[in-house]
Every structure is written in structure tokens, then in C-alpha cells.
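Step one of this worksheet: look at the structure below.
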Amino acid sequence: MYTDLHLHTTFSDGTYSPEELAAEARRFSLVAVALTDHDTVEGCERMRAACTREGIEFIPATELTAEIDGIELHMLGYFLDVENQALLKAMRRFQQGRQDRIREIVKRLRKLHVPVEEEEVFALANCKPPGRPHVARVLIQRKVCATLDEAFERFLKKNRPGWVPKEKISATDALEMIHHAGGLAVLAHPGLARSEEAIPSLIDAGLDGLECFHTKHSASASEYYVGVAEEHNLVVTGGSDCHGMNKGKPLIGTIKLPYDYVRQLKERLGSDHPAWQAARERAW
Ligand code: AMP
Ligand code: ZN
Ligand code: FE
Ligand code: FE
């Protein structure tokens, strides 16, 4: 009984539709999945329906970009009420920020005489929270770059000529927003960038868990973060961070998180949370 709690679809920068992703999850015999698209929960409705058809438990979630003590980090929110108005309003703001950022990135690239049009990126992205991978894919289509890595290395990475910082909310606001929407807040891939340094402040601000298992964590890093989670009474999660075909081989199926961790997440939510209701209905 395995699960993958970090997945992206075409509703952000993944390449699988919710239906394709659910079919892949079934192919890898996953019994539960969470959809963690950047700055949106819009794909959750279709993903839930597709998972129901495949007999897979679905957890509505998201991945937000936040900041604390000058450190940029990604915050996962699990078991969200996807109709929470404050959450949806904030997400509309992040999506607008991402669209403005794309315009700025394109402007910078055009100054370098890179042939790319705003509308081309928006058409390819075809989602509300467009991101750098969409720009990279246009650069590949235009034969400016051969690979996504090349596009990031030459143009899109921090301090490269096409780099534009993303609007970030404070991590304390992110935690509050997730909690108000009934969710659990989990620090994504603490082993990447400087995220780990933020853990003490995040714990003070009410962090619920750590994504200990991730495709970019070594076995020893995962083990280390499990230790940190135990020490601070945080829940443990894990996921592949699959973006579909973005990087050649899809990552879904490469992280097999035992289902018991989902049970622990639900325990942390408390027994009156709607997620339990759904579980009880299934049990009957
Ligand atoms: P953004 O949200 O626009 O800042 O873009 C971040 C996304 O870009 C992440 O979710 C990664 O999946 C992707 N990304 C970052 N670096 C690379 C890279 N070198 N190659 C491909 N994708 C990348
Ligand atoms: Zn992404
Ligand atoms: Fe991330
Ligand atoms: Fe992600």
C-alpha cells in the first residue's frame, strides 16, 4: 500500500492532465495520491473524479512559494477545503503575479534578441499559474535551447539574464492560510536550496510536517529529516514531485511512501475533519 503526495498536472507546470496522472498512479498501484499544483487547487475537482474512477484515494493539496528570514521555500498544504474563499482569493493574487512575471521574463529575453512572444508562452502554459518551465518549453520549441536544463542554465535560473524573482508570501501567512482552509502545512523538499535553515522559525509558526522523502533527497538526507520530524513532533510526508514528461522520464512511481503516513496525516487533522468523513464513507 503505497502513496505519492507530491504531483503536478497541466493545471500548473506538469504535462499530464489529471486523468492521465490518475491512470499513471493506477499503473504504479498507488492507493492514494495528493495533487500539489503550484498556486492553484483548480485541478483538484477533475483529479478527484479521475481517482474515484481508478479506485484511488485523493488528497486535495497545493504547493505555495513562501519566504521566512529571507529564505525562499515551498510550502505544501494538504487536505485543503478547495472552496475556502480566502485561499482562492490569495491564489488568484499569486496567479496574477505569475502572469506578470512571465511578461517581465519575456521582455528581458526579447531584449537579448531571443525570439519569444508573451502570447506564445501563455498559449503553451494554458493555465492560470504559468511558470519558468513553460518559458523553457517555448525556448525548446523555438530551437533556442535543446533541453529544459539548458534553458534554466542560460536564461531562467537565479542571476541569469531572464531571471525575475517571484512574488512570495511570508511563510507565517502561508501557514495561516493553509490552516484556515482546514489543511496541514508541510515544508516541501527541505533538502533543496536553503529551506532547512527555515525549519526552527517554521516550527514556531505552526508547521505540521516535513517532506522527508523526495526524489532529490539522498537516502541519508531522508533519514536525517525523519529524525528532525520525530524530534519536533512533525508528520512525515513524501512524494516524487512528478511534472510528467517535463524532464524526459516521469518521476511518478519512484517514491513509494507507505500508506501509513497518510493515516498519520489524518490523525493530525483531528477526528472532526471532513477528510475522516470521506474515509468513513469508504469504509462502509
Ligand atoms: P517557477 O515556479 O516559475 O519559479 O518554476 C519553478 C519550477 O521550475 C520548479 O517546479 C521546477 O520543477 C522547475 N525547474 C527548476 N529548475 C529546473 C531545471 N533546471 N530544469 C527543469 N525544470 C526546472
Ligand atoms: Zn513545478
Ligand atoms: Fe517545489
Ligand atoms: Fe513541486
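Numbers here are sequence positions counted from 1. First listed ligand is number 1; within each ligand, the first listed atom is number 1.
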Practice task
Apply the test side-chain hydrogen bond (donor to acceptor under 3.5 Å, both in side chains) to residues E211 and Y225: give CA-CA distance (whole Å), side-chain angles for both, the deciding distance (0.1 Å), then the verdict.
Solution key: CA-CA 8 Å; E211 186 182 48; Y225 291 118; over 6 Å; no
Q) Tell me the salt bridge (Lys or Arg N to Asp or Glu O under 4.0 Å) pairs involving residues 152-165, sequence neighbours left out? A)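 Residue pairs with at least one partner in residues 152-165: E150-R154, E153-K157, E153-R160.
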Just how far is it from atom NZ of K266 to atom CZ of F79, taken to the nearest 0.5 Å?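 Here the interatomic distance stands at 5.5 Å.
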Report for the Fe ion (ligand 3), protein N, O or S closer than 2.8 Å, by chain and number, lists E63 OE2, H74 ND1, H189 NE2
Side-chain ion pair, [X] and [Y], N-O less than 4.0 Å:
| X | Y | result |
| --- | --- | --- |
| R27 | E24 | yes |
| K128 | E42 | yes |
| K107 | E118 | no |

| request: Return yes when atom CD of E45 has more than 12 non-hydrogen atoms of other residues, nucleotides or ligands closer than 6.0 Å, and no otherwise. | output: no
>> Suppose the cut-off is 2.8 Å; which protein N/O/S atoms would you list for the Zn ion (ligand 2)?
In response: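 Hits for the Zn ion (ligand 2) below 2.8 Å: D13 OD1, D13 OD2, H38 NE2, H243 NE2.
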- prompt: Are side-chain N/O atoms of E196 and Y224 paired as donor and acceptor at under 3.5 Å?
  reply: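 There is such a pair between these side chains.
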Any pair counted as ring-ring contact (aromatic ring centres under 6.0 Å, His included), so long as it reaches residues 167-215, sequence neighbours left out
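Qualifying pairs: H6-H214, H74-H189, H189-H214, H214-H217.
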